[in-house]
Number of protein chains: 2
Amino acid sequence: MKKDFELMKKCPLFGNMNNEELEFILTSPFTKIQNFSKNQTVLTEGDNVQSLGVVLSGSVQVVRNDYYGNRSIIALVESPQIFAEVFVFSDTPTMPVSVISAADSRIMLVGLKKILSESPDQSLFYSKLINNLLRLVTEKNLRLNEKIEIISKRTIREKLMTFLLFQARLQGGNSFTIPYDRQGLADYIEADRSAVSAEISKLRAEGIIESNRSQFRLIKNPE
Amino acid sequence: MKKDFELMKKCPLFGNMNNEELEFILTSPFTKIQNFSKNQTVLTEGDNVQSLGVVLSGSVQVVRNDYYGNRSIIALVESPQIFAEVFVFSDTPTMPVSVISAADSRIMLVGLKKILSESPDQSLFYSKLINNLLRLVTEKNLRLNEKIEIISKRTIREKLMTFLLFQARLQGGNSFTIPYDRQGLADYIEADRSAVSAEISKLRAEGIIESNRSQFRLIKNPE
DNA sequence: GTAAGTATGTTGTAAATCCAACAAAGGACG
DNA sequence: CGTCCTTTGTTGGATTTACAACATACTTAC
């Protein structure tokens with residue numbers, strides 16, 4: 001379908017690839033494209049997945065069901081992101097989580113390992129795709145590590161400061177705007193919103209930071 | 001050196017590779033091997049790294065220096081593990097952390113991207129190495145996600161139960177032995193040791209688990 | 001078997017967090 | 001300008017945690 005072609009081009013996984021190469025993937029016998037309506041199951045816990053998922057449009061939730069039957073949402077994957085890549089390449093034979101469409105979605109399931117192993121001649125194709133995949137996986141790795149560094153801290157103050165220091169570094173200066181509102185920030189650092197607000201006020205009162213809403217400034221030598 | 005050959009063979013990054021292929025990497029102009037004594041700096045924050053590190057022997061610490069000059073240890077990488085791979089493949093131009101030898105160590109720095117890009121003909125070689133790398137990175141990804149799921153929980157009880165449910169799943173049953181002592185467990189779930197001990201006792205008193213030291217059993221219907 | 005050393009469990013208190021309820025500030029729109 | 005609605009800040013009380021100190025259980029070496 002013509003449209004899928006355009007959707008593929010937006011996906012970082014296929015970045016830097018030409019039409020022929022996209023076509024090759026799109027028409028591979030190991031590629032399947034399917035529409036899911038909201039709340040339909042895309043992959044079920046226990047499934048033996050060999051395919052990486054691409055959200056061409058819409059979004060999916062990664063969901064875990066625990067021993068006692070409690071269901072918790074682990075991640076939200078929106079177009080044009082990918083999912084399940086870790087299970088395919090880490091030799092995790094059965095999915096430990098389920099994937100459910102969070103909206104009407106168009107999903108591409110790509111048997112990437114098969115496609116790659118059966119096209120050893122197209123070496124440039126191969127290296128482009130692999131480079132994209134490696135970049136995506138290592139970037140996610142960096143983000144996860146960063147989050148762990150933040151939420152590992154035992155107090156809200158430490159979590160906040162760690163988060164703010166990351167933002168300062170990321171945006172290259174002492175003054176910066178964070179990409180969350182208070183509730184979003186509290187969710188990210190895994191703490192209560194009102195407690196986060198209170199701690200920000202304290203930090204301000206102590207002259208450690210200046211802030212207004214999502215604008216922050218780190219004060220170098222708070223004395 | 002003959003010995004390096006043997007050390008390489010133990011490393012998952014080079015798993016499944018034959019002597020010729022190991023030799024190819026070992027003698028590449030983009031590969032450097034160096035000895036570091038304890039506390040020597042291997043890579044410095046701000047460096048422009050193009051090389052992935054392999055701990056042939058010994059161990060290194062990944063260290064972060066924050067804005068205020070506080071230094072914190074992010075990770076310990078022991079032989080035969082690798083480090084800095086995420087920076088090389090995620091287009092992070094400068095290292096946000098430093099790497100310091102934690103013991104007398106022998107370190108191999110491999111310009112893997114260069115080696116791979118300049119050997120497009122050796123396609124089998126290429127795919128072996130890439131597969132190993134992808135497996136390592138995605139496995140780490142899984143572990144990081146798991147840890148985040150655990151330490152995201154707000155109470156020690158929830159952290160513990162999430163951890164124990166993972167262990168049960170991993171070991172395929174309700175009875176299992178965890179790979180940590182109390183202090184190690186407390187460190188992993190980011191909580192105080194004595195508080196963890198206390199919570200385990202409570203869970204036992206409430207009939208939710210049975211346990212003795214590192215042996216645990218989940219009780220299905222605690223009423 | 002016993003002493004010494006380590007790991008685990010228990011308890012009380014101070015500190016931090018969560019939670020809920022409300023106050024204040026900001027934004028959208030007539 | 002004023003109302004409605006959302007976001008952010010503030011506060012007090014209940015809950016949870018950290019911390020320290022000590023008790024008990026286990027391990028090891030002799």
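A note on names: the letters A, B, ... follow the listed sequences, proteins ahead of strands, and every chain is numbered from 1. A quick note: this is a predicted structure, and the numbers were derived from the prediction, not measured.
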Problem set entry | Listed nucleotide nearest any side-chain atom of B:Ser201, set C:dC18, D:dT8, C:dT10 | C:dT10
Problem set entry | Interatomic distance where CZ belongs to A:Arg213 and P belongs to C:dG27 [whole Å] | 6 Å
For this session: Could you check which of C:dT17, D:dC19, C:dG9 has an atom nearest any side-chain atom of B:Arg204?
Result: C:dG9
Problem set entry | Heavy atoms of other groups near A:Arg71 CZ, more than 12 under 6.0 Å | no
Exercise. Of all the nucleotides listed (C:dA16, C:dT11, C:dC19), which has the minimum atom distance to the side chain of A:Asp192?
Worked result: C:dC19
For this session: Measure from the side-chain heavy atoms of A:Asp181 and tell me the nearest of D:dT7, D:dA18, C:dT11.
Result: D:dT7
For this session: Compute the bend angle of the helix from C:dG1-D:dC30 to C:dG30-D:dC1 from the end axes (five pairs per end), rounded to 10°.
Result: 40°
Exercise. Picking from D:dT17, D:dT8, D:dT11, which would you name as closest to the side chain of A:Ser197?
Worked result: D:dT8
Seminar exercise, completed: So side-chain hydrogen bond (donor to acceptor under 3.5 Å, both in side chains) across residues 99-108 of chain B, not counting sequence neighbours, yields B:Asp4-B:Arg106, B:Asn35-B:Arg106
Exercise. Does B:Arg182 place a side-chain N or O at less than 4.0 Å from the phosphate oxygens OP1/OP2 of C:dG9?
Worked result: yes
Problem set entry | Distance below 4.0 Å between B:Arg154 side-chain N/O and D:dT16 OP1 or OP2 | no
For this session: Assign A:Arg193 to base, sugar-phosphate, or nothing according to its heavy-atom contacts below 4.0 angstrom with the strands shown.
Result: base
Problem set entry | Nearest-Å distance for atom pair OH/P, residues A:Tyr180 and D:dT6 | 23 Å
Problem set entry | Residues which pass salt bridge (charged side-chain N to carboxylate O under 4.0 Å, His left out) with A:Glu78, listed by chain and number, not counting sequence neighbours | none
For this session: Using a strict 4.0 Å threshold on nitrogen-to-oxygen distance, state whether B:Lys153 and B:Glu190 make a salt bridge.
Result: no
Exercise. Quick one: which of C:dT17, D:dT8, D:dA18 gets closest to the side chain of A:Ile156?
Worked result: C:dT17
